[in-house]
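Starting from 1, each residue takes its place in the sequence as its number. Computed from a predicted model, the values in this text were never measured in an experiment.
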Amino acid sequence: MNDPIDPALQAHYALGEERDRLAQAHGILEFERTKEIVLRHLPGPPSVIADIGGGPGRYALWLAERGHRVEHRDLVPLHVDQLQAVAHPTQINAAVGDARDLDLGEGTVDAVLLLGPLYHLRRRDQRLRALREAWRVVRPGGPVFVAAISRWAPRLDGELRQRLYRSLPIRELTPAVERTGWLPPLFPGSFLGYCHRPQQLRAELRGAGFQVLDLVAVEGVGFMLHDLAERLADPMDRAVVLECARATERVPELLGIGPHLLGTAVRPKH
């Protein structure tokens, strides 16, 4: 049985801030690197891609621009409304849906993006339920791209980069987050989520029946740059930031140093 939707999760996304997050400096780095990693195994267009937990649809719109047909699902009605306001219905079918109980048939999509649902599922059995739903709807041999928050993101991003401790009690919470993986909301409407260790994400993908092709750090250490926006605006600086992320993405000792992990897995053909 699925856990009920956390009211704190709904309160966070009801603020509407997710729509523009990937257009800001740190979101741009996440977005560009995620697209690069996804394209390594994404089927060519025209394919049917399920964007599950797709938020306001930034990735769905990108996929549609590349010639794919997208089945977009998200728990938050606001996100679905935001996407429907700008998407062409023949390219993107957007609807409210739960990653743990999808309204898509078995083997009906060519690939699945699961770039958010694992963030908000605290229990392992619920995360496996979402992963097994992705396994069910993707065709045999099709890829599934699964994002997770790094176990050390609250300390390295929240404390060291953003210095949230100046106004919020994050330092008191960080040891428990690193022990249990669960980041509670710091104030009403703040982000909350589950933070993975790299090998834990790999194990959960295998536990859901996938063959794991790759597991990489998305942003690398570039997220720490205080002048990231300026560097991304300069062609040479931008190239260096992306090259550094690419060069270190599989180094075992550095996998958890950035805010996000991205696993690429396939449903076996047999």
Any side-chain heavy-atom pair from [X] and [Y] closer than 4.5 angstrom?
X    : Y    : result
E30  : R21  : yes
L242 : L29  : yes
L118 : L131 : yes
T174 : Y165 : no
V146 : V112 : no
Y59  : L22  : yes

Is there a chain of hydrophobic side chains (I, L, V, M, F, W, Y, each step under 4.5 Å between heavy atoms) that links [X] to [Y]?
X    : Y    : value
V137 : V48  : yes
L255 : L156 : no
L121 : F145 : no
V70  : L42  : yes
L261 : V216 : no

State whether the number of non-hydrogen atoms from other residues, nucleotides or ligands found under 6.0 Å of R69 atom CZ is greater than 12.
-> no
Above 12 or not: heavy atoms from other molecules or residues under 6.0 Å from CZ of R19?
-> no
Report the distance from atom [atom1] of [X] to atom [atom2] of [Y], rounding to the nearest 0.5 Å.
X    : Y    : atom1 : atom2 : answer
E159 : W152 : CD    : CH2   : 15.0 Å
Q199 : R151 : CD    : CZ    : 13.0 Å
L83  : L78  : CG    : CG    : 11.5 Å
L9   : R122 : CG    : CZ    : 13.5 Å
L75  : D98  : CG    : CG    : 5.0 Å
R123 : L128 : CZ    : CG    : 11.0 Å

Identify the heavy atoms of [X] and [Y] that sit nearest to each other, and give their distance.
X    : Y    : value
A148 : L201 : CB-CD2, 3.9 Å
A25  : L232 : O-CD1, 3.5 Å
I149 : Y194 : CB-O, 3.8 Å
S150 : G258 : CB-O, 3.1 Å
R33  : V218 : NE-O, 2.6 Å
H88  : T90  : ND1-OG1, 2.6 Å

Verify side-chain contact (heavy atoms from CB on, under 4.5 Å) between L160 and R155, making sure each step is shown before the conclusion.
-> CA-CA 6 Å; L160 189 58; R155 183 182 297 275; over 6 Å; no
Criterion salt bridge (charged side-chain N to carboxylate O under 4.0 Å, His left out) against E106, the qualifying member of R139, R267, R136 | R267
Side chain of [X], backbone of [Y]: donor and acceptor closer than 3.5 Å?
X    : Y    : value
E219 : H260 : yes
S190 : L186 : yes
D110 : I49  : no
R161 : L225 : no
Q84  : A94  : yes
H196 : G256 : no
D234 : D237 : yes
H26  : F223 : yes
T34  : F31  : no

Output all residues satisfying salt bridge (Lys or Arg N to Asp or Glu O under 4.0 Å) with R73, sequence neighbours left out; order by chain, then residue number.
-> E71, D103
Taken in chain and number order and not counting sequence neighbours, the residues that satisfy salt bridge (Lys or Arg N to Asp or Glu O under 4.0 Å) with R246 are E36
Trace of the salt bridge (charged side-chain N to carboxylate O under 4.0 Å, His left out) decision for R40 with E249 = CA-CA 14 Å; R40 295 171 187 171; E249 64 181 18; 2.9 Å; yes
With sequence neighbours excluded, what pairs up with H12 under the ring-ring contact (aromatic ring centres under 6.0 Å, His included) test?
-> F191
Mind checking whether Y13 and H120 have parallel, tilted or perpendicular rings, split at 30° and 60°?
-> perpendicular
